[in-house]
Amino acid sequence: MTNTFPTPDRLPSPGGALDLSGRTALVTGGGSGIGRACALALAQAGAFVHVVDRDADSAKAVAELTGGRAHVADLADASAVDLLPADADILVNNAGLQHVAPLTEFPPDRFELIQKVMVTAPFLLMRRTLPHMYGGGWGRIVNVSSVHGLRASAYKAAYVAAKHALEGLSKVAAIEGAPHGVTSNCVNPGYVRTPLVEGQVRDQAAAHGISEGDVLADVMLARSPVKRLLETEEVAAAVLWLCGPHSGYLTGTSLPLDGGWTAG
Ligand SMILES: NC(=O)c1ccc[n+]([C@@H]2O[C@H](COP(=O)([O-])OP(=O)(O)OC[C@H]3O[C@@H](n4cnc5c(N)ncnc54)[C@H](O)[C@@H]3O)[C@@H](O)[C@H]2O)c1
């Protein structure tokens, strides 16, 4: 009988450096913020990284830093996704965008765009890369979800819907991938210090006539017991660990990096 559930022969010591040499990774939204930090971390661990972004300059800059390859693609366009590499051992579905508006005023085209980039593109990329992972008997899918994949907030209908959908998609990939040595997990950050969030802090401070510190404490971090922003490197470290040799038994999960938000 074929052993469809292979166990790793010998695992490296958990105390050693994580070695991904010989592995190929594809990181969407790799030009900025969390995606950039993930691309750098994966490359530092030895993986060859395909950096996918719609912003050509940032994709090229990160590819240069990592010694990987830049792919300029708009992930809202399914035909552009079809042209991306299929031979990734590691897929990090990270690209995303936000739109804030009450449901009654939420523009349907923005809603649809957010589902395309944050749900359909991850699905198409899994569909595209899983055959290669199955062929090699090893693969890692990490979906950069959000605390909003587990909790809702007002005015974020499209984003919350998309992140909850990504959670479901990730679990299906975990179940189907398990016999092939492929894991699929989500990471669920709270607010991360990226240019996007720093801009939101500045805008909200101006809009409400309060200090940036008060926006952080009273608005953004109100539900987080840890009163600071998360750093991109902290997210990348979790993603990297999920791509390593010691996380093969962890699949179909969601890892909250939320300062205790979902503990409450
Ligand atoms: N920043 C946060 O506080 C935070 C918190 C939780 C989850 N997240 C998630 O982390 C992920 C990355 O967010 P970030 O804060 O690093 O954002 P960011 O804006 O710094 O980076 C997102 C990247 O995705 C790219 N991108 C966006 N739409 C694209 C498209 N249609 N095609 C190709 N590339 C596209 C952008 O060009 C950009 O380089 C997102 O999925 C976001 O939802 C962010």
Side-chain angles (χ1 to χ4, degrees), residues 26-41 50-63 65 70-84 91-100 109-110 112-122 124-125 142-153 156 158-167 169-170 186-201 204 215-216 219-221 223-224 226 228-236 238-239 254-259 261-262:
L26 188 154
V27 182
T28 69
S32 170
I34 295 168
R36 180 180 187 277
C38 290
L40 294 179
H50 292 291
V51 182
V52 178
D53 209 291
R54 70 177 164 188
D55 186 288
D57 290 344
S58 61
K60 281 178 193 153
V62 175
L65 274 175
H71 301 263
V72 182
D74 179 357
L75 294 166
D77 174 3
S79 60
V81 179
D82 282 346
L83 299 176
L84 294 174
L91 170 63
V92 181
N93 282 312
N94 164 77
L97 66 158
Q98 178 64 278
H99 188 94
V100 178
D109 59 332
R110 293 297 289 177
E112 205 178 335
L113 172 68
I114 286 174
Q115 310 315 308
K116 278 185 184 162
V117 175
M118 289 164 54
V119 185
T120 307
L124 292 172
L125 282 167
V142 184
N143 300 299
V144 181
S145 178
S146 163
V147 69
H148 285 112
L150 307 170
R151 294 287 186 275
S153 290
K156 295 185 175 174
Y159 188 88
V160 171
K163 292 300 192 191
H164 276 68
L166 184 63
E167 297 278 326
L169 178 65
S170 180
C186 290
V187 292
N188 301 68
Y191 285 105
V192 187
R193 188 192 307 281
T194 63
L196 191 93
V197 167
E198 286 179 324
Q200 278 180 30
V201 174
Q204 294 221 21
V215 169
L216 272 180
V219 183
M220 291 190 154
L221 302 176
R223 285 177 282 181
S224 169
V226 179
R228 67 166 174 85
L229 293 174
L230 181 64
E231 302 295 334
T232 56
E233 291 82 1
E234 293 178 287
V235 183
V239 170
S254 304
L255 182 63
L257 302 166
D258 63 358
W261 180 332
T262 52

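Indexing begins at 1, ligand by ligand and atom by atom, following the structure's order.
In the vicinity of Gly29, heavy-atom distances shorter than 4.0 Å reach the ligand 1 atoms 23 (C), 24 (O), 25 (C). The Gly33 neighbourhood of ligand 1 comprises atoms 16 (O), 20 (O), with distances under 4.0 Å to a heavy atom of that residue. Ligand-side atoms of ligand 1 in range of Ser146: 6 (C), 7 (C), range being under 4.0 angstrom from any heavy atom. The contact set between ligand 1 and Tyr191, taken as ligand atoms under 4.0 Å from a residue heavy atom, comprises 3 (O). Remark: ligand 1 atoms within the under-4.0 Å shell around heavy atoms of Val197 are 1 (N), 2 (C), 3 (O). Of all the atoms in ligand 1, the ones that sit under 4.0 Å from a non-hydrogen atom of Leu75 are 30 (C), 31 (N), 32 (N), 33 (C). In summary, the atoms of ligand 1 found under 4.0 Å from a heavy atom of Val144, numbered by their order in the structure, are 9 (C), 10 (O), 11 (C), 41 (O). For ligand 1, the atoms closer than 4.0 angstrom to any heavy atom of Tyr159 are 6 (C), 7 (C), 8 (N), 9 (C), 42 (C), 43 (O).
Given atom 40 (C) of ligand 1, the protein heavy atom at minimum distance is Asn94 O, 3.1 Å. Closest to atom 37 (O) of ligand 1, if we only count protein heavy atoms, is Asp53 OD1, 2.5 Å. What sits closest to atom 28 (N) of ligand 1 on the protein, heavy atoms only, is Arg54 CZ, 3.5 Å. Looking at atom 31 (N) of ligand 1, its nearest protein heavy atom turns out to be Asp74 OD1, 2.9 Å. Ranking protein heavy atoms by distance to atom 22 (C) of ligand 1, first place goes to Gly96 O, 4.1 Å. The protein heavy atom nearest to atom 6 (C) of ligand 1 is Pro189 O, 3.3 Å. Looking from atom 19 (O) of ligand 1 to the surrounding protein, the closest heavy atom is Leu196 CD1, 4.0 Å. Of all protein heavy atoms, the one lying nearest to atom 3 (O) of ligand 1 is Val192 N, 2.7 Å.
Remark: the Asn188 side chain and the Ser146 side chain contain no N/O donor-acceptor pair separated by less than 3.5 Å. For the residue pair Gln115/Thr120, the side-chain donor-acceptor check at 3.5 Å is not satisfied. Under the 3.5 Å distance criterion, with hydrogens and angles disregarded, a donor-acceptor pair is assigned to the side chains of Ser79 and Asp77. In the model, Thr262 has no side-chain atom that pairs as donor or acceptor with a side-chain atom of Arg223 under 3.5 Å.
Contact annotation: the side chain of Leu75 never approaches that of Arg54 to less than 4.5 Å [non-hydrogen atoms, C-beta and beyond]. Side chains of Trp261 and Arg151 form a contact here, defined as non-hydrogen atoms less than 4.5 Å apart. Side-chain contact check for Val197 versus Met220: some heavy-atom pair is nearer than 4.5 Å. Counting heavy atoms from C-beta outward, Leu216 and Leu229 have side chains that approach closer than 4.5 Å.
For the side chain to side chain contact (heavy atoms under 4.5 Å, CB included) criterion with Val239, the lone passing option out of Ile34, Asn94, Val142 is Val142.
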With side-chain contact (heavy atoms from CB on, under 4.5 Å) as the test, would you mind laying out the steps for Asp53 and Arg36 before giving the verdict?
CA-CA 10 Å; Asp53 209 291; Arg36 180 180 187 277; over 6 Å; no

Output, in order, the C-alpha distance, side-chain angles, deciding distance and verdict of side-chain contact (heavy atoms from CB on, under 4.5 Å) for Leu169 and Asn143.
CA-CA 9 Å; Leu169 178 65; Asn143 300 299; 5.8 Å; no

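Contact annotation for atom 17 (O) of ligand 1: protein absent (non-hydrogen atoms, distance under 4.0 Å).
At least one heavy atom of Gly190 lies less than 4.0 angstrom from ligand 1. Residue contacts with ligand 1 leave out Ser58, since none of its heavy atoms falls under 4.0 Å from the ligand. Using a 4.0 angstrom heavy-atom cutoff, His148 does not count as in contact with ligand 1. At least one heavy atom of Ser145 sits less than 4.0 Å from an atom of ligand 1.
For Glu198, the CD atom sits in a packed shell: over 12 heavy atoms of surrounding residues, nucleotides or ligands are nearer than 6.0 Å.
Here the side chain of Lys163 pairs a donor or acceptor atom with the backbone of Val144 at under 3.5 angstrom.
Close N/O approach between Ile34 and ligand 1 is found [any backbone or side-chain N/O within under 3.5 Å].
If you look at Lys163 next to ligand 1, the close heavy atoms, those under 4.0 Å, all belong to the side chain. Here Thr194 has side-chain heavy atoms under 4.0 Å from ligand 1, and that is the only part of it that gets that close. Contact annotation: for Val117 versus ligand 1, heavy atoms closer than 4.0 Å belong to the side chain alone.
In this structure His164 satisfies the side chain to side chain donor-acceptor pair (under 3.5 Å) test with no other residue, sequence neighbours excluded.
Taking 4.0 Å as the cut-off between side-chain N and carboxylate O, Glu234 and Arg228 count as a salt-bridged pair.
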